[in-house]
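Keep in mind that what you see is a predicted model, and the values were worked out from it rather than measured. Numbers restart at 1 for each chain; the letters A, B, ... are given by sequence-line order, proteins then strands.
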There are 2 protein chains.
Amino acid sequence: MKKEVVTLKKLAQILDLSTSTVSRALNDHPDISEETRTKVKNLAQSMNYVPNIFAKGFRNHKTNIIGVVVPNITHYFTTTMVRGILEEAAIRGYRVIISESNNDVKKQTEMLNTMMQFGVDGILASLTKMTRDVDAVLQTLNKLPLILFDKVSNKIPCTQVTINDEEAAYNAIEHLINIEKKRIAIIKEREFSYTSEKRYAGYLRALKEHNIKVDDKLVISVDDISLEQGKRMTNHLLSIKNRPDAIFAITDSAAVGVIQTLKKFNIKIPEDIAVIGFSNSRLSTVIEPNLTTVDQPGETIGRNAIKYLIDEIENKTQIVSNKMIEIKGSLIIRDSTFKV
Amino acid sequence: MKKEVVTLKKLAQILDLSTSTVSRALNDHPDISEETRTKVKNLAQSMNYVPNIFAKGFRNHKTNIIGVVVPNITHYFTTTMVRGILEEAAIRGYRVIISESNNDVKKQTEMLNTMMQFGVDGILASLTKMTRDVDAVLQTLNKLPLILFDKVSNKIPCTQVTINDEEAAYNAIEHLINIEKKRIAIIKEREFSYTSEKRYAGYLRALKEHNIKVDDKLVISVDDISLEQGKRMTNHLLSIKNRPDAIFAITDSAAVGVIQTLKKFNIKIPEDIAVIGFSNSRLSTVIEPNLTTVDQPGETIGRNAIKYLIDEIENKTQIVSNKMIEIKGSLIIRDSTFKV
DNA sequence: CTGAAAGCGCTTACAG
DNA sequence: CTGAAAGCGCTTACAG
């Protein structure tokens, strides 16, 4: 089963050179003569020489592996980010190991530790929902280049790559105001979710700038933002005295639940109540009416995150690396809000 | 930045033992006395000793990394399999590197090679659609434990883990026959897709066993099975003389396209035309009417695939390893077929 | 411009 | 039951 492996030593023997020279030639060391270098490289190529990555990693304390932690790999948006990460990693010669935290801080800590133990060169993390407990992340950051993406946290002094949640939400709400909605409800997550709070901030700013008073009864916070919760909260919103004429759900799933419930009660969308989601997931063009939502460029986010990380690993950036990178998301207007 | 690292040597010095002994104690070598072993283990624990995985991998020619190749990581069903793989990998002490082939044989070959070069212990592959060219896969199989899952191929003599496509399709068609459908169309992929052919085989068997003659005009093959193709092919099916009274699309996406088109023409579902998909994706409960479909237990498939692979890697199985493992999928009946 | 030698952290055949 | 030594494949400071 084991094939005869081509090593530096073997190449050296054949060329009657030392392994040192062969190694240097292959690594384009300036000391080596042009002639030797090409001779070595040609042989290496023709013999299909492949460096033993483990010997190399062992020697250099560098593995060219990047660890990625995400809360939930089955979310479509997450997979688009992962795709960007994988593509850019391949280009730059890195491999990626992925793990899922399932939104569990304890599991996330475990994952971070395993990855460090495993010797990854750096870590890309999208945090669990509750970012109260960030000790493990901070500790990891002490030892390794680490960059946050998507689910980030201002408690962690490192480079962070997200969508411009606040602005995107602002634009969504402004759109609702433009189509003459006055009582705009928001379904968001309970505090501690960075993303949700940002979107909420955009909601508040839009209302404020258009002189609409915030009605607390229209601000709904749930523990777990899901399709089911979208349904439940819509039932609730329909029961209050002065019901809303628009509902902004901070995820598409929840927005789908909203629409399904409104339809059950024969409420006209968007005439009676308009609906906006967030993500531009595949659901948004399957639900009827099609959902107005914010498109998040997942691949770009993933690609950027790993770019910054690799730059840090390879020390191309100074250590001033606590930038906030915001990738623009764009509002996609569909039937759930379009008609005035 | 670099922390002082605890190595075997350091432990040995402190305990006044040789590194050999410490190594053996930690690895539960039978030669070592109970006393020494516990002494060593206690110290290791208290000093937070973590073996250098790269030194270990280098030494043992074992990396505890498994490579996974999938056509498209953004498919929901794929992510559920990945989740099963990740969970089982963690339990068994393996790490997983993932890459996407984008249904491109050339890219798939590249991925396989990179992974081998990288020194993975084994590979889990879900193949590109066109499995005509399997040379690279066969070569990989020659050098490394390799198991196929989901998108498999009978041209490759190795263990394969899939859903029972044929039987699941058979059940779907039988269900349509039971609700008195006579002209059942199928939208499948052009040949070379193992999965599609299996489902088609189930279709044929069901018709045959119920004495329904196959009408070639109702067998639609497309290159790329997608929502758009579902729409287009439905338009086509509606235009033929004796139009179908049921459509079985071999993916949920295509089935959603089917339903959307039928609705556009105000055709009653399922009374006029019933629809069945395959996957139980999230779309299936958002589209209206909700889609009858086959639930594929992705996590179970992923978990099984990696189990067999690790068993092979660790030589727990004989080398007779060209089993076909079929995981049962179950028909989930919803409104797109339910009412008679 | 090239080579000999040491060493990264681990395991294991050999010796006692 | 324990230790000394070699070696996995690579890189690099040192020497010439």
What contact category does B:Ser20 fall into here, base, sugar-phosphate, or nothing, at under 4.0 angstrom with non-hydrogen atoms?
base
N/O donor-acceptor pair under 3.5 Å between A:Gln108 side chain and A:Thr128 backbone
yes
Distance, C1' atom - from C:dG16 to C:dT12, rounded to whole angstrom
16 Å
Counting only heavy atoms not in A:Tyr76, do more than 12 fall under 6.0 Å of its OH?
no
The criterion is side-chain contact (heavy atoms from CB on, under 4.5 Å); which residues satisfy it with A:Thr63, sequence neighbours excluded?
A:Ile65, A:Asp121, B:Phe54
Exercise: identify the closest heavy-atom pair between A:Pro71 and A:Leu127
CG-O, 3.4 Å
Here the residues of residues 35-52 of chain B within 4.0 Å heavy-atom distance, strictly under, of DNA chain D are B:Thr36
Strictly distance-based, threshold 3.5 Å: is any side-chain N or O of B:Arg37 a donor or acceptor partner for the main-chain N or O of B:Ile32?
yes
Which sits closer to the 5' end of DNA chain D, A:Phe58 or B:Asp31, going by the nucleotide each is nearest to?
B:Asp31
Applying a 4.0 Å non-hydrogen cut-off, can you work out what A:Ser23 is touching in the nucleic acid: base, sugar-phosphate, or nothing?
base
For A:Arg83, all residues meeting side-chain contact (heavy atoms from CB on, under 4.5 Å), sequence neighbours excluded
A:Glu87, A:Glu299, B:Asn72, B:Ile73, B:Thr74, B:Glu100, B:Asn102
Under 4.5 Å between any side-chain heavy atoms of A:Glu326 and A:Thr162, yes or no?
yes
Stepwise salt bridge (charged side-chain N to carboxylate O under 4.0 Å, His left out) test for A:Lys155 and A:Asp133
CA-CA 10 Å; A:Lys155 292 186 201 149; A:Asp133 178 9; over 6 Å; no
Identify all stems in which DNA chain D takes part, counting only runs of at least 3 consecutive pairs (Watson-Crick or G-U wobble, each distance under 3.5 Å), and give each as one range with another, ordered by first number.
C:1-3 with D:14-16, C:5-12 with D:5-12, C:14-16 with D:1-3
Nearest-0.5 Å distance, CD1 of residue A:Ile123 to CD1 of residue A:Ile97
8.5 Å
Outermost DNA chain C nucleotides near chain B [under 4.0 Å, heavy atoms]
C:dG9 to C:dA13
Excluding sequence neighbours, so at least two apart, what forms side-chain contact (heavy atoms from CB on, under 4.5 Å) with A:Ser99?
A:Val69, A:Met111, A:Met115
